[in-house]
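Quick notes on the structure that follows.
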Amino acid sequence: MTVTTRFAPSPTGFLHIGGARTALFNWLFARHHGGQFLLRIEDTDRARSTDAAVAAILDGLSWLELNWDGEAISQFARRQRHAEEAHRLLDEGKAYRCYCSQEELAAMRAAAKAEGRSMLYDGRWRDRNPSEAPAGIEPVIRLKAPREGETVIDDLVQGIVRVDNAQLDDMVLLRADCTPTYMLAVVVDDLDMKVTHIIRGDDHLTNAFRQYQLYTALGFSPPAFAHIPLIHGPDGAKLSKRHGALGVEAYRDMGYLPEAVCNYLLRLGWSHGDEEIIDRRQAIAWFDLNAVGRSPARFDFAKLDSLNAHYIRQADDGRLADLILPGLTARLEGRLAADAQNRLKRGMRGLKERAKNLSELAENSIFYAHSRPIPVDDKAARNLTPEASTLLLKVRDHLASAEEWNEQSIESLIRHCAEIAGVKLGQIAQPLRAALTGSTVSPSIFEVMEVLGKKECLGRLDDVSTSPLSNAPAAV
RNA sequence: GUCCCCAUCGUCUAGUGGCCUAGGACGCUGGCCUCUCACGCCGGAAACAGGGGUUCGACUCCCCUUGGGGACGCCA
């Protein structure tokens with residue numbers, strides 16, 4: 001039997017981060033076992049489902065590279081099939097028509113609540129003759145669930161969980177308008193799709209008992225269940241938007257790399273000894289349901305950041321340059337240097353060690369992309385004292401006559417300048433940094449100079465010596 | 001209210017009765033490295049929710065308490 005998992009989101013919003021983790025676990029489990037990972041869109045709630053949400057979910061999964069097998073299935077499109085099974089149960093005497101009005105049900109629950117009793121449906125039409133049906137009420141079809149005993153689920157994550165059947169009522173299968181309920185649709189679809197492992201959030205755990213009864217009534221044994229704990233916010237409560245309950249595209253826009261998001265999500269509630277950095281290959285090899293924890297995890301941006309920083313450092317320079325170039329182009333408007341992309345790519349080595357997300361990376365890269373003259377921030381300008389400018393003028397002469405132009409040669413040349421001027425390296429490096437990058441912080445100044453090239457460096461030095469900045473009074 | 005689930009450093013977690021003086025990671029912090037900032041390296045503070053059992057021996061097993069979370073729709 002080939003392992004088949006599925007991810008079944010309802011398209012009422014974006015693919016939020018919790019859903020992404022559920023999808024990841026399903027994907028990983030299927031890939032680990034060489035099985036199938038299917039996608040089903042649970043769009044039976046016509047009022048709340050939107051095409052835009054479907055697109056957002058597909059985009060989110062694609063961005064995370066959680067590719068599904070076959071076509072995505074629309075649950076709504078299968079409503080006839082669902083109804084068919086409900087009628088079959090009716091014919092077999094395993095389900096019955098219930099003629100309660102919404103008002104009657106509401107009154108029943110209110111009375112139960114007032115008396116402190118369970119608010120479950122009391123099964124009043126279970127054995128009643130349909131001839132007693134009130135006029136003008138379209139019936140629903142309810143499952144004739146067992147009233148005695150208990151329903152037991154051997155959950156792959158939660159272990160054995162049992163519930164008294166008295167806690168479970170006769171659920172509605174088919175609504176008065178003949179459309180299937182979620183419970184019916186899910187079970188019939190999972191059966192038809194031959195799903196072997198249902199991996200989902202543990203908010204569905206109680207549904208699993210009802211679904212178990214439905215599988216049994218339909219004459220099938222249920223698939224394996226694995227209910228994974230939900231992700232909580234830093235305060236332990238349900239994940240709020242402010243705390244990360246965002247669509248995955250929001251993470252992309254915040255400058256996170258998909259591999260970092262996946263690695264982070266994987267370690268949230270799952271572990272493999274002390275391993276922290278787990279790439280996709282490794283994850284497929286190691287993933288197993290029995291290593292999934294049972295307690296809810298809290299979302300922590302700081303850890304995501306550190307993982308993201310790691311994957312940025314690992315990432316290909318060209319890819320990173322491509323990722324940040326569009327944003328820089330838009331931001332710089334007409335001031336983008338002609339060979340910005342090339343500089344970005346070559347400068348990425350030093351740049352990517354200093355960013356924990358793509359936004360920071362872009363921010364720190366801007367001096368490479370900017371055409372002359374570059375802006376110099378206030379702090380950097382304070383390094384361009386008259387003394388420093390004098391020094392820089394001498395350095396410029398040395399640089400101008402340099403025959404070699406690479407990081408090492410530049411470094412020894414600058415160190416030589418410092419030596420003959422009798423100053424510390426930093427006294428040249430910082431003013432140089434200010435003139436060349438417009439900032440007090442940057443990658444190694446020698447690397448920057450190599451990337452910028454001799455001509456650009458001399459140009460930027462000239463820009464600074466001819467601008468009023470060089471005459472700025474020294475900071476006191 | 002009823003039912004279900006959970007409980008190790010601030011956070012993610014390792015730990016399946018003796019390997020625990022409780023390990024790793026993030027964060028915090030001291031130092032080294034150093035042209036700035038990072039990276040890297042070395043060090044530090046930081047946890048078994050509480051109470052009962054079981055046992056020669058409990059973080060590990062059982063019970064209770066407390067604290068979290070979830071489910072109780074003709075929503076999904």
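Computed from a prediction, not measured in an experiment: that's the story for all the values here. Naming convention: chains lettered A, B, ... in sequence-line order (proteins, then strands); numbering from 1 in each chain.
- Counting any heavy atom pair closer than 4.0 Å across all strands shown, A:G269 reaches sugar-phosphate atoms only and no base atom.
- At the heavy-atom level, A:T440 lies under 4.0 Å from base atoms of the strands shown.
- Scanning atom types as modelled, no donor and acceptor separated by under 3.5 angstrom connect the side chain of A:R162 and the base of B:C4.
- Backbone-only contact: A:L268 has heavy atoms under 4.0 Å from sugar-phosphate atoms and none from a base.
- Counting any heavy atom pair closer than 4.0 Å across all strands shown, A:R142 reaches sugar-phosphate atoms only and no base atom.
- Taking only distance into account, the side chain of A:D202 never meets the base of B:G70 through a donor-acceptor pair shorter than 3.5 Å.
- The nucleotide B:G40 finds its pairing partner in B:C32, both defining distances of the Watson-Crick or G-U wobble pair being shorter than 3.5 Å.
- Contacts of A:N207 with the nucleic acid, taken as non-hydrogen atoms under 4.0 Å apart, include base atoms.
- The minimum heavy-atom distance linking A:R354 with A:N364 is given by the pair O-ND2, 3.3 Å.
- Residue contacts shown for A:Y264 are absent, as no nucleic acid heavy atom lies under 4.0 Å away.
- Closest contact between the side chain of A:L425 and the listed nucleotides B:U2, B:C37, B:C35 involves B:C35.
- Ranking B:G27, B:C74, B:C37 by closeness to the A:S306 side chain, first place goes to B:G27.
- Counting non-hydrogen atoms under 4.0 angstrom, A:E353 reaches a base of the nucleic acid.
- Of the two residues near RNA chain B, A:A291 and A:Q75, the one whose nearest nucleotide lies more 5' is A:A291.
- Panel note: side chain A:D190, backbone A:V195; no donor-acceptor pair is recorded below 3.5 Å.
- When heavy atoms are screened at a 4.0 angstrom cut-off, A:L174 is found touching no nucleic acid atom at all.
- Distances from the side chain of A:R267 to the nucleotides B:C3, B:C12, B:C35 place B:C12 closest.
- In this structure, A:C98 reaches neither bases nor backbone, as no heavy-atom distance under 4.0 Å exists between it and the strands shown.
- Below the 3.5 angstrom threshold, one finds no donor paired with an acceptor across the side chain of A:R294 and the base of B:C5.
- Of the two residues contacting RNA chain B, namely A:T44 and A:E407, the nearest-nucleotide position lying further toward the 5' end is that of A:E407.
- Residue A:P9 is classed as having no contact, given no heavy-atom separation below 4.0 Å to the nucleic acid.
- A straight line from CG of A:D203 to P of B:G68 spans 20 Å, rounded to a whole angstrom.
- Between the side chain of A:T206 and the base of B:C4, no donor-acceptor pair under 3.5 Å is found.
- Pair check for B:A22 finds none; no Watson-Crick or G-U wobble contact set falls under 3.5 Å.
- When both distances must be under 3.5 Å, the Watson-Crick or G-U wobble mate of B:A71 is B:U2.
- In this structure, A:K356 atom NZ and B:C37 atom C1' are separated by 12 Å, rounded to whole Å.
- For A:R40 and A:F7, the positive end is not near the middle of the six-membered ring at less than 6.0 Å and at most 45° from its axis.
- Within the 4.0 angstrom heavy-atom criterion, base atoms lie near A:R48.
- Using a 4.0 Å heavy-atom cutoff across all strands shown, A:H227 reaches no nucleic acid atom at all.
- Atom pair A:I57:CD1 and B:A76:P shows a separation of 15 Å (rounding to whole Å applied).
- No hydrogens or angles considered: nothing links the side chains of A:N357 and A:Y256 as a donor-acceptor pair under 3.5 Å.
- Within the 4.0 angstrom heavy-atom criterion, base atoms lie near A:A176.
- Nearest to the side-chain atoms of A:E276 among the listed nucleotides B:A25, B:U36, B:A14 stands B:A25.
- Applying the 3.5 Å distance criterion, the base of B:C35 shares a donor-acceptor pair with the side chain of A:R433.
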